[in-house]
Number of protein chains: 2
Amino acid sequence: MSPTPQERRAARHQTGAGSDTPAVRRGPSGGRKKPITVDAIVSTAFAIVESEGYEALTMRRLAVALETGPSSLYAHVVNKEDLDELLIGRLSAEIDLPTPDPARWREQLIGVCTQLRDQYLRYPGISQAAFAAAPSNLDTLRVSEGLLAIVLAGGVEPQVAAWAVDSLTLYVNAHSLEVSVANSRLKRNDDDWVVGRDEMLRRFAALPETFPQTKRYASELTAGTTADRFHFTINLMINGLPGAHQEGQTPPS
Amino acid sequence: MSPTPQERRAARHQTGAGSDTPAVRRGPSGGRKKPITVDAIVSTAFAIVESEGYEALTMRRLAVALETGPSSLYAHVVNKEDLDELLIGRLSAEIDLPTPDPARWREQLIGVCTQLRDQYLRYPGISQAAFAAAPSNLDTLRVSEGLLAIVLAGGVEPQVAAWAVDSLTLYVNAHSLEVSVANSRLKRNDDDWVVGRDEMLRRFAALPETFPQTKRYASELTAGTTADRFHFTINLMINGLPGAHQEGQTPPS
DNA sequence: AGTAGATACGAACACCGTTCTACTCCGGTA
DNA sequence: TACCGGAGTAGAACGGTGTTCGTATCTACT
């Protein structure tokens with residue numbers, strides 16, 4: 001009874017929906033107002049990541065926020081890796097997936113990807129955890145299922161659709177991670193990190209003649225916000241999909 | 001004279017080609033056969049990453065391999081972060097860039113991306129360092145220049161070309177990182193990590209009815225090697241580029 | 001010959017994830 | 001009612017990390 005953290009983790013994977021014990025309150029609740037639960041741990045972790053970034057999320061920092069010791073966490077969580085999985089699990093659980101509409105499948109796809117990006121950027125650096133997280137998690141699998149359904153609704157061949165979903169999610173992760181580290185770089189300004197676009201243009205202009213294209217198209221290289229680049233790439237991948245309803249054409253009805 | 005590591009790093013960025021001091025041999029070479037140089041540090045680091053993975057590359061492990069103490073490294077390298085930058089710098093320096101051929105620009109692009117992936121996978125997990133590395137490094141900038149030249153040779157509009165190069169390199173990094181962590185996962189098998197394709201198929205089949213598409217197309221979802229998926233995505237992005245010579249058509253000559 | 005400067009390195013600091021062990025308190029049972 | 005097993009809570013500690021400080025050593029120039 002009262003499953004160990006290891007058993008909880010196993011239940012979160014594909015081994016069927018684990019029979020949830022009612023979790024009767026046991027043990028000491030001495031000077032403690034609120035007992036430590038997995039949910040409380042995850043919520044506090046999210047608060048830390050949101051305000052201080054993912055790299056500030058340590059077991060000790062988390063324990064302090066919960067007014068306890070680091071070892072107390074291990075009664076509810078297997079690992080830090082396990083905690084990471086819980087985080088991206090809850091994050092994916094809050095993505096809402098539209099019912100696939102064959103006429104609007106491309107924008108639906110963009111919508112879900114944008115949701116994912118927004119969540120990742122809201123909790124800076126958390127996409128690093130998403131890279132390590134197992135795809136066997138039920139919550140992340142739910143998002144994959146939703147994406148796959150949308151692409152299939154677009155009439156894309158199943159094999160292409162399956163791989164495209166993986167490509168898209170991987171790119172969303174990568175983009176979010178890159179933006180997150182760039183943002184955290186310019187916060188701690190001690191590093192010689194190029195900040196503004198004009199500064200970047202000046203550096204490109206000062207480049208030796210070995211970089212002709214970079215010098216020539218410095219303006220294009222530094223143009224656009226991160227959001228612009230995000231939508232550009234997502235569109236690049238989606239438009240490449242040979243769906244039944246191509247190139248924004250409406251179906252023959 | 002004898003630039004500090006900070007100055008060396010600054011020279012590696014875009015502040016022109018730093019005047020290289022002849023680096024006359026100074027200091028003690030007591031019981032030491034070979035002096036510690038930046039080059040020796042980087043080479044040893046590569047050897048460690050190649051054989052034990054990026055996560056095994058610690059300052060202490062590196063110091064042991066060089067038969068010295070950890071603090072000795074900081075005379076040549078600013079940071080671990082700086083060491084990472086040196087690593088991906090040398091890695092990019094070994095990419096050979098073809099002279100752009102407008103007739104073969106797509107395969108040239110694939111070739112360079114494949115080279116990058118091979119290097120990243122040869123040193124497992126090093127793509128993590130590539131994410132954090134500043135794009136202002138001269139060696140990485142050389143690769144970007146080469147890629148941009150190829151895409152431009154394909155007749156792609158400059159703005160599209162500039163962004164596409166970024167998208168491509170970001171995806172190559174992400175793919176390599178994902179493959180690396182997956183490989184390192186199945187080495188330390190203590191985790192309940194799904195290994196084989198058949199095991200994955202069985203898990204997908206055991207999924208609840210909430211995952212209809214995933215169950216239906218489990219075969220497609222688990223099909224293909226990582227290399228297959230890599231080339232699929234690269235082609236997806238490249239074929240989406242509206243170049244002058246579209247869809248494998250030969251130019252009108 | 002002597003000194004200045006560059007190099008090397010041991011010791012230590014603060015922090016990390018994790019484990020071991022003891023302790024406290026509750027619920028069910030005799 | 002008394003008790004006792006077990007679940008939840010912590011404190012202390014272990015091995016590991018990146019990094020800094022102070023000091024010792026050796027070379028090259030004055």
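Keep in mind the model is a prediction, meaning the values are calculated, not measured. Every chain is numbered from 1 and lettered A, B, ... according to where its sequence line falls, protein lines coming before strand lines.
- Judged by distance alone, with hydrogens and angles left aside, A:Ser71 brings a side-chain donor or acceptor within reach of the base of D:dA10, the pair sitting under 3.5 Å.
- Put simply, CD on A:Glu52 is 14 Å from P on C:dC15, counting in whole angstrom units.
- Contact check, B:Asn79 against D:dT19: a side-chain N or O comes under 4.0 Å of OP1 or OP2.
- Considering only the side chain of B:Pro70, D:dT19 comes nearest among D:dA10, C:dG17, D:dT19.
- Rounded to whole Å, the distance from CZ on B:Arg61 to P on D:dG16 is 13 Å.
- When the P atom of C:dG17 is taken as reference, atom CD of A:Glu55 falls 12 Å away, rounded to whole Å.
- For the pair B:Glu178 and A:Leu170, the tightest heavy-atom approach, listed with the atom from each and the gap, is OE2-CD1, 3.7 Å.
- Toward the 5′ end of DNA chain D lies the nearest nucleotide of A:Thr37, the other residue of the pair A:Thr37 and B:Thr58 mapping further downstream.
- With sequence neighbours left out, the salt bridge (Lys or Arg N to Asp or Glu O under 4.0 Å) criterion links B:Asp82 to B:Arg12.
- A salt bridge does not link A:Arg122 to A:Asp118: none of the charged side-chain nitrogens sits closer than 4.0 Å to a carboxylate oxygen.
- Atom NZ in B:Lys80 sits roughly 17 Å away from atom P in C:dC16 (whole-Å rounding).
- For the pair B:Leu141 and B:Ser136, the minimum side-chain heavy-atom distance is 4.5 Å or more.
- Residue A:Ala75 is in base contact, counting any heavy-atom pair closer than 4.0 Å across all strands shown.
- In this structure, CE of A:Met59 is placed 16 Å from P of D:dG11, rounded to the nearest angstrom.
- In this structure, B:Phe230 and B:His175 have tilted ring planes: the angle between them lies in the 30° to 60° band.
- The phosphate of D:dT9 (OP1 or OP2) has no side-chain N or O of A:Thr68 nearer than 4.0 angstrom.
- Atom OH in B:Tyr74 sits about 4 Å away from atom P in D:dT19, given to the nearest Å.
- Summarising the geometry, the separation between CG on B:Leu62 and P on C:dC9 is reported as 13 Å, rounded to the nearest angstrom.
- The shortest distance between the side-chain N/O atoms of B:Ser72 and the OP1/OP2 oxygens of C:dC9 is below 4.0 Å.
- Protein atom CG of A:Asp84 is 15 Å distant from nucleotide atom P of C:dC16, rounded to whole Å.
- Applying the 3.5 Å distance criterion, the base of D:dG16 shares no donor-acceptor pair with the side chain of B:Arg60.
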